[in-house]
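Not measured: the values here are computed from a predicted model.
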2 protein chains.
Amino acid sequence: MATMLEVAKRAGVSKATVSRVLSGNGYVSQETKDRVFKAIEESGYRPNLLARNLATQKSQTLGLVVTNTLYHGTYFSELLFHAARMTEDQGRRLILADGKHSAQEEREAIQYLLDLRCDAIVIYPRFLSVDEMDDIVQNHSQPIMVLNRRLRRNSSHSVFCDHKATSRAAVEQLIALGHRDIAFITGSLDSPTGVERLSGYKDALAAHGIPLRDALIAQGKWTPATGAAAVDTLLARDAEFSALVASNDDMAIGAIRQLQQQGISVPQQVSVFGFDDIALAPYTLPALSSVRIPVTEMIKETINRLIFMLDGGDFKQQQAFQGELILRESVLRHPHP
Amino acid sequence: MATMLEVAKRAGVSKATVSRVLSGNGYVSQETKDRVFKAIEESGYRPNLLARNLATQKSQTLGLVVTNTLYHGTYFSELLFHAARMTEDQGRRLILADGKHSAQEEREAIQYLLDLRCDAIVIYPRFLSVDEMDDIVQNHSQPIMVLNRRLRRNSSHSVFCDHKATSRAAVEQLIALGHRDIAFITGSLDSPTGVERLSGYKDALAAHGIPLRDALIAQGKWTPATGAAAVDTLLARDAEFSALVASNDDMAIGAIRQLQQQGISVPQQVSVFGFDDIALAPYTLPALSSVRIPVTEMIKETINRLIFMLDGGDFKQQQAFQGELILRESVLRHPHP
DNA sequence: TTGTAAGCGTTATCAC
DNA sequence: GTGATAACGCTTACAA
């Protein structure tokens, strides 16, 4: 491929001049500009971004680490969609790195983006601890934001939802509707989100004097298939329930399928509640009530903070922002008519 | 950040030696190796990939261009999931560039990946013509694969489905079931996929001597909302139909909603057919029959070809592969029981 | 307004 | 085994 040097020779100028023409920095006479552009045209020259980035010490890219397990479904695409859009509106590009299936792989993905000298990094952790995330944020000069976790030492570097409170609110809504036998399908319990939602369920029951019954809790792993399996587990236990809360919509959908399969009508005999991890309004079943989790706002706020930091905001100062941002705006949505 | 030079000084050796230790190329005594590793440890050194890539003239990355409009939904995440997974299994990373909303932006995204010196590129075009894609493939030294288009001059660089044949098959299945009044919701007609599916519908009718009625065709733009709107259009025309084919599942889902809303039961009064652009089995409505489009195989085959090319396969030779690959394996799926 | 030359942080080819 | 040193392709003072 043609290099800048070749362009320079062809135009009868030096590399520096070509660089000036391209970057718009420094004065170049119109005539030489014209000659340079002509030379670029003729040689099919394209700047080598690797070289440019190395020279300027910045890459104009934003790195995003997401775990493999999050890849499926609309939640992820929504996240990615806005991340990419906002990044590009900023004249930067998004680079995606896969956190795969373990803490170690998550670490490697982050390290890769760091090694690539991304200008900033967004992490949606799955396995790494809050402590380790805090360390990472502190030990690196580039701005880093963490999604869906509450950082302790660098709270302004995280944006998250209060899953526990939301879960509790959802269950309380069911209680208010008169339900007392409320079954619950957990998410993976090695994820904080899964634990928090379960915990919110327990809190709600406790607050209303409803005894917790283990027979009404079944484990799932976020997917529709595990939601369906959880229903089987629940039914096999012969414990009656008039409402079912699944820790995300995917499982709720699987659960509804399975209930109907077993001749139980939804929502006539059992009301089903999910958490809209998945901006999937178009696909949700008419029978499903869902809590909206604001992925969109989450990623938008994140990128905005990053942009602020990149623009020279003193992001090491916790005062840079109002502090941590907890998105509490989740609202209960009623079943589609 | 610590550089290789600092590590070298600290270990009392030259840059070259540090480089050898890191790359494993060339002989280094165990003692110096130890000293180097110690120095790396102490200084928190991390190699600068920009510099490395510049020096080696390869970036160990694979670029993917997808249009913004494809971002929503499971189809895309499925694509991305496998692309990322396979790329990383190869020890490379995936870089995503957004094709946005126009041919020009699509061009820019491709150009960016080229400028970044990605080792190989996958393009899922939306606006660019086959001719232009063919040119791009030919004019660049790095391997490029195009999804969902049939390239004329570089057929082995494309992987696609025969949407027309599939659409025709789907409609013929309805005809075989006794339907004669079959309505059709198109996709965006500025996309080849949309045109082909419509064309398959027309072919099927023609082949069975069923007259084409414009009143039974409504335009959509792939989204659930436009599918619903199309149903309104059809109903307003007062043309009766016993079956409805939507050009993708998203629209089919919107259509089903709307039909039910209007008191028309599915599939009792109207059978609905979609194309599973969207490996979304878990979400599709029980009432929907859908044609499976093998995204997964498509992207897998694509990456495999790329890997082959990168490993030195003579990819400019059309004989490198069996030639073009047309995925015909689409199967009709029956409504969920 | 333009050219020279010194980086940027690696790798790779020589010698020694 | 190891160390200079020249690339890699660009940016950016500093001169001219």
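Between the P atom of D/dC8 and the CE atom of A/M4 lies a distance of 15 Å, rounded to the nearest Å. Nucleotide D/dT12 holds its C1' atom 16 Å from the OH atom of A/Y27, rounded to whole Å. B/E6 places its CD atom 13 Å from the C1' atom of C/dC8, with the value rounded to the nearest Å. Here the P atom of nucleotide C/dT13 and the CZ atom of B/R20 are 11 Å apart, to the nearest Å. Protein atom NZ of B/K58 is 14 Å distant from nucleotide atom C1' of D/dC8, rounded to whole Å. For the pair B/Q30 CD and D/dT2 C1', the computed distance is 16 Å after rounding to whole Å. The nearest whole Å value for the distance from the CG atom in B/L22 to the P atom in C/dT10 is 9 Å. The distance between atom CE of B/M1 and atom C1' of C/dC8, rounded to the nearest whole Å, is 14 Å.
OP1 or OP2 of C/dT10 lies within a sub-4.0 Å distance of a side-chain N or O belonging to B/Y45. Side-chain N/O atoms of B/S29 include one lying less than 4.0 angstrom from OP1 or OP2 on D/dT2. For A/R52 and D/dT11, the shortest distance from a side-chain N or O to OP1 or OP2 is below 4.0 Å. Note on A/Q57: a side-chain N or O is less than 4.0 Å away from OP1 or OP2 of C/dG9. Of the side-chain N and O atoms in B/S14, none sit less than 4.0 angstrom from OP1 or OP2 of D/dA4.
Within the 4.0 angstrom heavy-atom criterion, only backbone atoms of the sugar-phosphate kind lie near B/R46; the bases stay farther away. Within 4.0 Å of B/V13, counting heavy atoms only, lie sugar-phosphate atoms of the nucleic acid but no base atom.
Looking at which nucleotide of DNA chain C each of A/V28 and A/K15 is closest to, the 5′-most match is held by A/V28.
Among the nucleotides C/dT10, D/dT11, C/dC8, the one closest to the side chain of B/A51 is C/dT10. Listed candidates were D/dT11, C/dC8, C/dT10. Nearest to the side chain of A/L54 is C/dC8. Out of C/dT11, D/dG9, C/dG3, the shortest distance to the side chain of A/A55 is found at D/dG9. Side-chain proximity of B/T17 to D/dC10, C/dG3, D/dG3: nearest is D/dG3. Listed nucleotides C/dG9, C/dA5, D/dC10 differ in distance to B/N48; the shortest reach to its side chain belongs to C/dG9. Of the candidates C/dT10, D/dT2, C/dG3, the closest approach to any side-chain atom of B/T32 belongs to D/dT2. Listed nucleotides D/dG3, C/dG3, D/dC10 differ in distance to A/A16; the shortest reach to its side chain belongs to C/dG3.
Salt-bridge check for A/E31 with A/R35: failed, with every basic side-chain N at 4.0 Å or more from each acidic carboxylate O. Salt bridge status for A/R93 with B/D98: absent, with no side-chain N to carboxylate O gap under 4.0 Å. Salt-bridge formation is not detected for the pair A/D115/B/R52: no Lys NZ or Arg NE/NH1/NH2 atom is positioned less than 4.0 Å from an Asp or Glu carboxylate oxygen.
The distance from atom CD of B/Q90 to atom CG of B/N304, rounded to the nearest 0.5 Å, is 8.5 Å.
Using modelled atom types, one finds a donor on one side chain and an acceptor on the other under 3.5 Å when comparing B/Q30 with B/D34. The closest side-chain donor-acceptor pair between A/N148 and A/T193 falls under 3.5 angstrom.
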